[in-house]
Amino acid sequence: QVQLVESGGGLVQAGGSLRLSCAASGRPFNRYAMGWFRQAPGKEREFVAAITRSGGNTYYTDSVKGRFTISRDNVKNTVYLQMNSLKPEDTAVYYCAADGTGVGAQNPEAYIYWGQGTQVTVSS
């Protein structure tokens, strides 16, 4: 089992920044690729970003490229999502998840452990 706890969400004005953190405990953190997903009200959960086990490769959905950065610290067992130039359409609950395949998949079905989520609200 891996327990994931997100933090860092909140209310920010458009154009602002937030940094989400996801602390992992349980099985060895570097065994898993990690991803961030988000879900807005009335919408399906969507892929945001992923990072491979070593952090050597990262992947982003097109709408956040150039604005969001995913990173990880395998000593602190933490994955981060730095979000800059936030837009109202980024408003959602953000979830981190552990990818059992290790490749940083975009399909949520590849992720076997999920956090409880943290709310991000961007005001216009």
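None of the values given here were measured: they were computed from a predicted structure.
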4.5 Å side-chain heavy-atom contact, Gln39 and Tyr94: no
Tyr60-Val120 co-clustered via ILVMFWY side chain contacts under 4.5 Å: yes
Could you check if a side-chain atom of Ile51 sits within less than 4.5 angstrom of a side-chain atom of Asn57, using non-hydrogen atoms only? no
Answer yes or no for Arg72 and Phe29: cation-pi contact, defined as NZ/CZ to six-membered ring centre under 6.0 Å and angle to ring axis within 45°. yes
Before accepting this row, confirm whether a basic side-chain N of the pair Asp90/Lys87 lies closer than 4.0 Å to the acidic partner's carboxylate O. no
Nearest 0.5 Å, please: how far is OG1 in Thr118 from CH2 in Trp36? 7.5 Å
Rounded to the nearest 0.5 Å, how far apart are OG of Ser17 and CG of Leu86? 6.0 Å
All pairs passing disulfide (SG to SG under 2.5 Å) where residues 78-124 contributes a residue, at least two apart: Cys22-Cys96
Compare all side-chain heavy atoms of Ile70 with those of Tyr59 and state whether any distance is below 4.5 angstrom. no
Distance (rounded to the nearest 0.5 Å) between Ser54 OG and Asn74 CG: 8.0 Å
Check whether NZ of the Lys or CZ of the Arg Arg38 lies under 6.0 Å from the centre of the six-membered ring of Tyr95 and within 45 degrees of that ring's axis. no
Side-chain contact, heavy-atom cut-off 4.5 Å: Asp99 with Met34? no
Indicate the atoms forming the closest heavy-atom contact of Ala105 with Ala50, along with that distance. O-CB, 4.2 Å
Close side-chain approach of Trp114 and Glu6, heavy atoms under 4.5 Å: no
Can Arg19 be said to sit on top of Tyr80's aromatic six-ring, NZ or CZ under 6.0 Å from centre and within 45° of the ring axis? yes
Is a side-chain donor-acceptor pair under 3.5 Å present for Asp73 with Thr78? no
From Ser123 atom OG to Leu11 atom CG, the distance as rounded to the nearest 0.5 Å: 5.0 Å
I need the minimum non-hydrogen distance between Ser124 and Ala14, along with the two atoms involved. CA-CB, 4.4 Å
Could you check if a side-chain atom of Val12 sits within less than 4.5 angstrom of a side-chain atom of Thr121, using non-hydrogen atoms only? no
Reported CD-to-CD distance for the pair Gln3 and Gln116, which is rounded to 0.5 angstrom: 12.0 Å
Report the C-alpha distance between Tyr32 and Thr101 in whole Å, list the side-chain angles of each, state the deciding distance to 0.1 Å, and finish with yes or no for side-chain contact (heavy atoms from CB on, under 4.5 Å). CA-CA 7 Å; Tyr32 303 95; Thr101 72; over 6 Å; no
Residues, nucleotides or ligands: over 12 heavy atoms within 6.0 Å of Arg31 CZ: yes
Under 3.5 Å, is there a donor-acceptor pair linking the side chains of Thr91 and Glu89? no
Roughly how far, to the nearest 0.5 Å, is the CD atom of Gln1 from the CG atom of Leu4? 10.0 Å
Taking the six-membered ring for Trp, is the centroid-to-centroid distance between Tyr111 and Phe37 below 6.0 Å? yes
Taking the side chain as C-beta and beyond, is there a heavy-atom pair between Phe68 and Val48 under 4.5 Å? yes
Check: Ser71 and Gln82 side chains under 4.5 Å, non-hydrogen atoms: no
Under 4.5 Å between side-chain heavy atoms, hopping through other hydrophobics if needed: is there a path connecting Val79 to Leu18? yes
